[in-house]
Amino acid sequence: MKFIDEVTIEVASGKGGPGCVSFRREKYVPRGGPDGGDGGRGGNVIFKTSSRLHSLLDLKIKTKYHAENGEPGRSQNRSGRDGTDLIIMVPPGTVIKDANDHVVRDLAVDDEFLFLEGGIGGKGNTFYKSSVNQAPDIAQKGMPGKSATVNVELKLLADVGIIGYPNAGKSTLISAISAARPKIADYPFTTLTPNLGVVRLDEDANFVVADMPGLIKGAHSGHGLGIQFLKHIERTKFFVHMIDVSGVSGRDPVQDFKDINDELKSYDKAMRDQEDFAPLSPRAQIVALNKTDVLSSEEIEKLTAKFLKFKSAGKINVIEVVSISAVTRKNLNVLVKLMGEMVFDEKEEQKKDAAATKTGRARARKKA
Ligand SMILES: Nc1nc2c(ncn2[C@@H]2O[C@H](COP(=O)(O)OP(=O)(O)OP(=O)(O)O)[C@@H](O)[C@H]2O)c(=O)[nH]1
Ligand SMILES: [Mg+2]
């Protein structure tokens, strides 16, 4: 299935239906008064999230979307029917931007957003009846709807991003720790779009990981698949940085690690003027030294020591270094446990922060 994460569409809310001019015409009711009903309201344009969607593919099918117009009012004081709302379903994490790319609403936070209201219906002539004008023959037109061009952008919602060079074993890892089954192959750039997987810790605790397409040196200037997909890890709490330490790649694992971190920095630079941008390079990383099934324990120890130096140097936010094998599952339990702790620690922190702001607000209110 194709993965689409940016679309531009035109949307319009419905026009209000016109009010009706009508007079009662019934047997035995001479000179029946006005009985023209009001027009119906035009349909709204609403964005709504569905966790069953993971791409904006559905919005690629057409570019113009229109909510229904309100129906005209009718005689016997009957109101016209309201136009049906246009409900545009998008995946959670979708950002609605205007034509100038300003964020209008982030649907990572809300799950429904009334974007454009439909025009209100016109009043029928009954509305204009007064002591001085018993037989008004005027009615209101309905109000026009609104239209807009919107840039719809998806930024996936995941707790953890798995990053690293192509072939490092990122997809192998996600398929070993979650039910996701992305393509795995012995050549670079097997993964072309991000894959999400849910890691279950126990009955009621789970978190979402995103397996990313591989990055290479120079990605920020368009090498490989570029850095376009990095927006999908902007919302993650931390990264698992996968390093192929088997030696098969012919590259130096430490250099690989530095290269990818440089790419994160370049991405941050390129994005720094974007609204609500949270930089990637300072984010916490668990370094996962992968493919250690082909190494001796001495070699593993040496490599681990090398990478632990990054942790003590503090320039890159390395939280821990774990040597694993995604294929033989060596130490995957250790890695998953650490990931779980970091996800849920972070969630606790967020809760505390939210509670603190709430009590802060309550205090401020009391004072006022
Ligand atoms: N020996 C060994 N091979 C592994 C291990 N993990 C992954 N591989 C192999 O490495 C190759 C690449 O694995 P993938 O999971 O596709 O790598 P990736 O990082 O997702 O690669 P891209 O999608 O291209 O970025 C495959 O042939 C895997 O079988 C491991 O722990 N040990
Ligand atoms: Mg892959």
Side-chain angles (χ1 to χ4, degrees), residues 1-3 5 54-55 156 158 160-199 208-220 222-233 236 238-264 267 280 285-297 299-301 303-304 307 321-336 338-339:
M1 204 171 67
K2 249 172 122 188
F3 178 82
D5 56 10
H54 298 291
S55 154
L156 288 175
V160 188
I162 308 178
I163 58 169
Y165 255 85
N167 250 340
K170 302 178 295 298
S171 301
T172 312
L173 176 68
I174 200 175
S175 57
I177 63 177
S178 78
R181 292 289 171 268
K183 192 167 157 192
I184 295 168
D186 194 13
Y187 54 81
F189 304 116
T190 308
T191 303
L192 298 173
T193 60
N195 302 297
L196 293 183
V198 179
V199 179
V208 179
V209 289
D211 162 31
M212 296 295 290
L215 282 170
I216 55 172
K217 189 179 169 69
H220 70 281
H223 291 259
L225 296 174
I227 48 174
Q228 48 167 337
F229 287 110
L230 286 179
K231 67 176 170 210
H232 295 295
I233 50 168
T236 60
F238 62 94
F239 307 140
V240 170
H241 193 148
M242 292 283 277
I243 316 270
D244 177 351
V245 292
S246 66
V248 173
S249 71
R251 295 183 311 263
D252 171 24
V254 172
Q255 194 56 47
D256 280 3
F257 180 69
K258 286 184 187 163
D259 286 349
I260 301 286
N261 278 293
D262 285 345
E263 291 307 317
L264 298 182
Y267 180 75
L280 304 184
Q285 299 183 19
I286 302 175
V287 178
L289 306 179
N290 191 33
K291 308 196 187 181
T292 58
D293 50 304
V294 301
L295 299 184
S296 68
S297 42
E299 286 171 310
I300 297 173
E301 241 171 69
L303 277 161
T304 309
F307 278 91
V321 180
V322 190
S323 68
I324 63 164
S325 166
V327 163
T328 67
R329 311 188 62 96
K330 190 191 96 181
N331 277 349
L332 291 192
N333 53 348
V334 178
L335 178 63
V336 168
L338 181 59
M339 288 164 81

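Just follow the structure's listing: the first ligand is 1, and inside any ligand the first atom is 1. For the single chain, residues carry numbers from 1 onward in sequence order.
- Protein heavy atom at the shortest distance from atom 17 (O) of ligand 1 is G169 N, 3.2 Å.
- In terms of N/O distances under 3.5 Å, ligand 1 is approached by F189.
- Heavy atoms from both the backbone and the side chain of S325 come within less than 4.0 Å of ligand 1.
- Heavy atoms of N290 found under 4.0 angstrom from ligand 1 belong exclusively to the side chain.
- Atoms of ligand 1 lying under 4.0 Å from any heavy atom of D293, numbered from 1 in the order shown and given with element: 1 (N), 2 (C), 30 (C), 31 (O), 32 (N).
- Distances between N or O atoms of A168 and those of ligand 1 include at least one value under 3.5 Å.
- For the Mg ion (ligand 2), the tally of protein N/O/S atoms lying closer than 2.8 Å stands at 2.
- Atom 25 (O) of ligand 1 has its closest protein heavy atom at K170 NZ, 2.9 Å.
- Considering backbone and side-chain atoms alike, T328 places every N or O at 3.5 Å or more from each N or O of ligand 1.
- When only non-hydrogen protein atoms are considered, atom 10 (O) of ligand 1 lies nearest to K291 NZ, 3.0 Å.
- Any N or O atom pair closer than 3.5 Å counts here, and P213 shares no such pair with ligand 1.
- At least one donor-acceptor pair under 3.5 Å links the side chain of T292 to the backbone N or O of I324.
- In terms of heavy atoms, I216 sits closest to G224 at CD1-N, 3.6 Å.
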Pairs under 3.5 angstrom only: tabulate donor-acceptor contacts from the side chains of residues 161-168 to other protein residues two or more places apart or in another chain.
{"residue": "Y165", "atom": "OH", "partner": "K217", "partner atom": "N", "Å": "3.4"}
{"residue": "Y165", "atom": "OH", "partner": "D259", "partner atom": "OD2", "Å": "2.9"}

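- For ligand 1, the atoms lying closer than 4.0 Å to a non-hydrogen atom of S171 are 15 (O), 18 (P), 20 (O).
- Considering every non-hydrogen atom in both A288 and V240, the closest pair reads CB-CG1, 3.9 Å.
- The local environment of CD in Q228 is crowded, with over 12 non-hydrogen atoms from other residues, nucleotides or ligands closer than 6.0 Å.
- The shortest N or O to N or O distance between T292 and ligand 1 is not under 3.5 Å.
- Comparing V248, I162, T172 against atom 28 (C) of ligand 1, the shortest heavy-atom distance belongs to T172.
- Of all atoms in ligand 1, listed by their number and element, those nearer than 4.0 Å to a heavy atom of G214 are 25 (O).
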Candidate pair F307 and H241, rule side-chain contact (heavy atoms from CB on, under 4.5 Å), full reasoning: CA-CA 12 Å; F307 278 91; H241 193 148; over 6 Å; no

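- At a 3.5 angstrom cut-off on N or O pairs, N167 counts as close to ligand 1.
- Listed by number with element, the atoms of ligand 1 under 4.0 angstrom from any heavy atom of P188 are 24 (O).
- Between H232 and the options F239, Y267, F3, a ring-ring contact (aromatic ring centres under 6.0 Å, His included) holds for only F3.
- For ligand 1, the atoms closer than 4.0 angstrom to any heavy atom of D186 are 27 (O).
- In summary, the atoms of ligand 1 found under 4.0 Å from a heavy atom of Y187, numbered by their order in the structure, are 24 (O).
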Pair D5-K231, side-chain contact (heavy atoms from CB on, under 4.5 Å): steps then yes or no: CA-CA 10 Å; D5 56 10; K231 67 176 170 210; 3.4 Å; yes

I300 and V245: CA distance, side-chain angles, deciding distance, side-chain contact (heavy atoms from CB on, under 4.5 Å) verdict: CA-CA 9 Å; I300 297 173; V245 292; over 6 Å; no

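- Residue-level proximity to ligand 1 for A185 is carried by the backbone, the only part with a heavy atom below 4.0 angstrom.
- Heavy atoms of V327 found under 4.0 angstrom from ligand 1 belong to the backbone as well as the side chain.
- Where the criterion is an N or O separation shorter than 3.5 Å, residue side chain and backbone included, I324 fails it with respect to ligand 1.
- Nearest approach of A326 to G169, heavy atoms of both residues: CB-O, 4.3 Å.
- Classification of K170 and D211 as a salt-bridged pair fails, no side-chain N sitting under 4.0 Å from a carboxylate O.
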